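Notes follow once the structure below has been shown.
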Amino acid sequence: MVERISAQGLHKIIQGETIGAQTCVIKFYSNGCDYCHNLKEYFEDISDIDVYQGVRFFAFNVADDPKIDKRLKLNGVPTICMIKTQP
């Protein structure tokens, strides 16, 4: 299952402010991006594969934080990254 994440939730993951260790896969997307829309179904399918049961999948709309691309040095959307947090 892919959860849409807020700017506040994304910040907590990036800062490692999660409860317990987690592996998070985050897809950064834009509503106006055809590639992002085409990727959506594949990303959701991957999130449902049993081997990734302990991994949390998120989707973040870059419009929710217009400066996120510069802070994270994203080269555009879609971008997918993995973050492992420690308790």
Side-chain angles (χ1 to χ4, degrees):
M1 178 175 82
V2 177
E3 301 173 55
R4 189 167 186 276
I5 190 170
S6 67
Q8 182 181 11
L10 177 63
H11 179 75
K12 286 182 179 185
I13 290 171
I14 292 170
Q15 296 301 317
E17 299 171 357
T18 60
I19 299 172
Q22 294 184 13
T23 300
C24 304
V25 177
I26 304 166
K27 177 184 79 166
F28 294 88
Y29 72 95
S30 169
N31 286 337
C33 172
D34 289 335
Y35 295 117
C36 297
H37 290 288
N38 292 337
L39 182 62
K40 181 180 179 183
E41 184 178 332
Y42 296 107
F43 193 65
E44 289 173 352
D45 288 347
I46 291 168
S47 74
D48 291 333
I49 296 173
D50 289 341
V51 74
Y52 301 118
Q53 205 166 1
V55 178
R56 303 217 29 213
F57 286 81
F58 296 102
F60 181 78
N61 187 340
V62 294
D64 291 346
D65 184 350
K67 296 180 182 179
I68 195 71
D69 58 337
K70 290 181 182 174
R71 281 196 314 241
L72 296 181
K73 299 179 182 171
L74 302 177
N75 289 326
V77 291
T79 295
I80 298 175
C81 71
M82 181 178 76
I83 300 173
K84 289 187 174 190
T85 63
Q86 301 297 320

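Everything numeric here is computed off the predicted structure, so don't read it as measured data. Just so it is clear, the values below take in all heavy atoms, side chains as well, and ignore hydrogens, waters and symmetry mates.
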Does Ile49 CD1 have over 12 foreign heavy atoms under 6.0 Å away?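 Yes, because the 6.0 Å sphere around CD1 of Ile49 holds more than 12 heavy atoms from other groups.
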
I'd like to know whether CD of Gln53 has more than 12 heavy-atom contacts from other residues, nucleotides or ligands below 6.0 angstrom.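 No, the 6.0 Å shell around CD holds no more than 12 heavy atoms from other groups.
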
Approximate separation, where rounding is to 0.5 Å, of [X] [atom1] and [Y] [atom2]:
X: Lys12; Y: Ile19; atom1: NZ; atom2: CD1; answer: 8.5 Å
X: Asn31; Y: Cys36; atom1: CG; atom2: SG; answer: 9.0 Å
X: Thr85; Y: Gln15; atom1: OG1; atom2: CD; answer: 12.0 Å

Apply the test side chain to side chain contact (heavy atoms under 4.5 Å, CB included) to residues Ile83 and Ile14: give CA-CA distance (whole Å), side-chain angles for both, the deciding distance (0.1 Å), then the verdict. CA-CA 7 Å; Ile83 300 173; Ile14 292 170; 4.1 Å; yes

Side chains of [X] and [Y]: closer than 4.5 Å at any heavy-atom pair?
X: Lys27; Y: Val2; value: no
X: Leu72; Y: Thr79; value: no
X: Ile26; Y: Ile80; value: no

Considering only residues two or more places apart or on different chains, which pairs with a residue in residues 48-84 satisfy ring pair (Phe, Tyr, Trp, His ring centres under 6.0 Å)?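 For residues 48-84: Phe28-Phe60, Phe43-Phe57.
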
What heavy-atom pair brings Pro66 and Ala63 nearest, and what distance separates the two atoms? CD-O, 3.9 Å

Pairs where residues 68-87 contributes a residue and the test salt bridge (charged side-chain N to carboxylate O under 4.0 Å, His left out) is met, not counting sequence neighbours: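 The answer is Asp65-Arg71.
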
Does anything in residues 30-54 form a salt bridge (charged side-chain N to carboxylate O under 4.0 Å, His left out)? List the pairs, not counting sequence neighbours.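 Pairs touching residues 30-54 that pass the test: none.
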
Leu39 and Tyr35: same hydrophobic cluster, using ILVMFWY side-chain contacts below 4.5 Å? no

Other members of the hydrophobic cluster containing Met1, with the 4.5 Å side-chain heavy-atom rule, please. none

The criterion is salt bridge (Lys or Arg N to Asp or Glu O under 4.0 Å); which residues satisfy it with Glu3, sequence neighbours excluded? Arg56

I would like to know whether Tyr29 and Asn61 meet side chain to side chain contact (heavy atoms under 4.5 Å, CB included); could you show each step before the answer? CA-CA 5 Å; Tyr29 72 95; Asn61 187 340; 3.5 Å; yes

What do the steps show when you test Ile68 against Leu10 for side chain to side chain contact (heavy atoms under 4.5 Å, CB included), and what is the final call? CA-CA 10 Å; Ile68 195 71; Leu10 177 63; 3.8 Å; yes

Taken in chain and number order and not counting sequence neighbours, the residues that satisfy side-chain hydrogen bond (donor to acceptor under 3.5 Å, both in side chains) with Asp64 are Arg4

